[in-house]
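Below, read A as the first sequence line, B as the second, and so on, with proteins coming before strands; counting in each chain starts at 1.
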2 protein chains.
Amino acid sequence: MPKRVDHEERRAHLTAALLRIASTRGLQAVSMREVAAEAGVSLRVVQYYFTDKRTLLDSGLIELAARLDRRVKQRASAAGSGLSVRAVFDIVLGAILPGDEQSRLDALAWTAYYAVALTDPSLGADGVHFPNALEDWLTARLTVAQQDGAAPAAGDPRTEVAALLALANGLTASVLGRQRTGEEAAGILRHALDRVLADPRGRVGPG
Amino acid sequence: MPKRVDHEERRAHLTAALLRIASTRGLQAVSMREVAAEAGVSLRVVQYYFTDKRTLLDSGLIELAARLDRRVKQRASAAGSGLSVRAVFDIVLGAILPGDEQSRLDALAWTAYYAVALTDPSLGADGVHFPNALEDWLTARLTVAQQDGAAPAAGDPRTEVAALLALANGLTASVLGRQRTGEEAAGILRHALDRVLADPRGRVGPG
DNA sequence: TCGTTGTGGATACGGTCGTATCAATACACG
DNA sequence: CGTGTATTGATACGACCGTATCCACAACGA
């Protein structure tokens, strides 16, 4: 074997370059050559570690999903354990909103992928699966909370969750369009949560 | 003068072809040649009536805005005059949601434009201006209604309106992604409106 | 009728794209 | 130390892009 390079790390490097381009200049500006230039390597290297452009783009979408997952878990661990339903919703939905510059860039790239996936379902076919799973999970949480009396039974849990998720997505869009800051969006989201789930920022149980 | 052809109508025809491509195959599939083929004319004709590709794309965005405007006015006239604030919100926000197949296609095209405008602000610079104007207008309406006691003073009107607009946009996205039907989205939106503005579907005054 | 002019067909140019090919390098290992 | 293989440089190919050019034709004013 020759130079022995870490493929995993190489691909991560190139994927990061791809997302940098996608979030600043758009997905239509992403070409093999541009990714190579952004990463400071030759075109051949990009070809070598991602045989297809398709493979390259897929990698970008996977990385975006991983980053969102990381952000949720990071926020959750920062909040501790034994969280109330309200806190869980706050964490999960708040993780969707772009809070800092990096998550804003990621949301931009995500939006670009989303737009092309709407008319080219082959790319990011599970881009539909993921939101559905999240909706199911949150709905189950809210249902249990309502049955336990920990949350006001304001209405159909699935409808409430769907509305909250749609709100979070809409707020994200407005932040990306610089109509609102991330803080303003977070405030609006919390305000909406106050309506559906009282008990702001509390913990479950007697505490 | 030669054959004497209606430029206005020609351009409308080509613009419609453009939007048909954009809403079904995405904005990245829009090329001069594709628009020509979709419209059943030669490439030269597209060049002739739209000197630039830029001019062509601008025309598409303008047409989309016009269609949305037409839809709002149509819904408004169908509902009659002397509308309550609740009815006005219902009409305006409901017009954003894709109700039939055509408005769904338009929303798809709109989303495509929105995505590229996020990273290329030169296209659709007033794509930000329009939502802001709508937010201002709705906020003014809600403020007056709250002062007249026609609507419960639930909170800051601007925040309420921003949340409703974000909800409508998020619901639209979920409809486009086939997560929800247009009817379901409309139901969720109405449910949210019931919270902020009571008086469902009524008229202002003693009626 | 003739010439002027609006309309559009045919084709070409330079550029970028994704992908393929061929060779040169450089290192691990027998 | 050789050697084979993983890595990568250089370059080319065909396709499509936006745009430009040249020319044919048709109709209207004079």
K.L.:
How many whole angstroms separate atom CG of Leu18(B) from atom P of dG18(D)?
P.N.:
11 Å
K.L.:
Measuring only between side-chain heavy atoms, which start at C-beta, is Trp137(B) closer than 4.5 Å to Val88(B)?
P.N.:
yes
K.L.:
Figure out the NZ/C1' separation between Lys53(A) and dC17(C), and round it to whole Å.
P.N.:
8 Å
K.L.:
Can you measure Leu27(A) atom CG to dC17(C) atom P for me and round it to whole angstrom units?
P.N.:
14 Å
K.L.:
What residues in residues 29-50 of chain B put a non-hydrogen atom under 4.0 Å from any atom of DNA chain C?
P.N.:
Arg33(B), Ser42(B), Arg44(B), Val45(B), Tyr48(B), Tyr49(B)
K.L.:
Looking at Thr139(B) and Glu135(B), what are the two nearest heavy atoms and their distance?
P.N.:
OG1-O, 2.6 Å
K.L.:
Could you tell me the separation between the CD atom of Gln28(A) and the P atom of dG18(C), rounded to a whole number of Å?
P.N.:
13 Å
K.L.:
Name each donor-acceptor pair under 3.5 Å that joins a side chain in residues 55-68 of chain A to protein atoms two or more places apart or in another chain, with its distance.
P.N.:
from, atom 1, to, atom 2, distance (Å)
Asp58(A), OD1, Arg54(A), NE, 3.1
Asp58(A), OD2, Arg54(A), NE, 3.4
Ser59(A), OG, Thr15(A), OG1, 2.6
Glu63(A), OE2, Arg67(A), NE, 2.8
Arg67(A), NH1, Asp106(A), OD1, 2.8

K.L.:
Tell me whether the side-chain N/O atoms of His7(B) come closer than 4.0 Å to OP1 or OP2 in dG6(C).
P.N.:
no
K.L.:
When the distance from CZ of Arg10(B) to P of dG6(C) is rounded to whole Å, what number comes out?
P.N.:
16 Å
K.L.:
Under a 4.0 Å N-O cut-off, is there an ion pair linking Asp90(A) with Arg86(A)?
P.N.:
yes
K.L.:
Indicate yes or no: does Asp6(B) engage Arg10(B) in a salt bridge with an N to O separation below 4.0 Å.
P.N.:
no
K.L.:
How far apart are the C-alpha atoms of Ser174(B) and Arg180(B), what are their side-chain angles, what is the distance that settles it, and do they pass the side-chain hydrogen bond (donor to acceptor under 3.5 Å, both in side chains) test?
P.N.:
CA-CA 6 Å; Ser174(B) 72; Arg180(B) 236 170 302 285; 3.3 Å; yes
K.L.:
Under 4.0 angstrom, heavy atoms only, what part of the nucleic acid is Arg54(A) near: base, sugar-phosphate, or nothing?
P.N.:
nothing
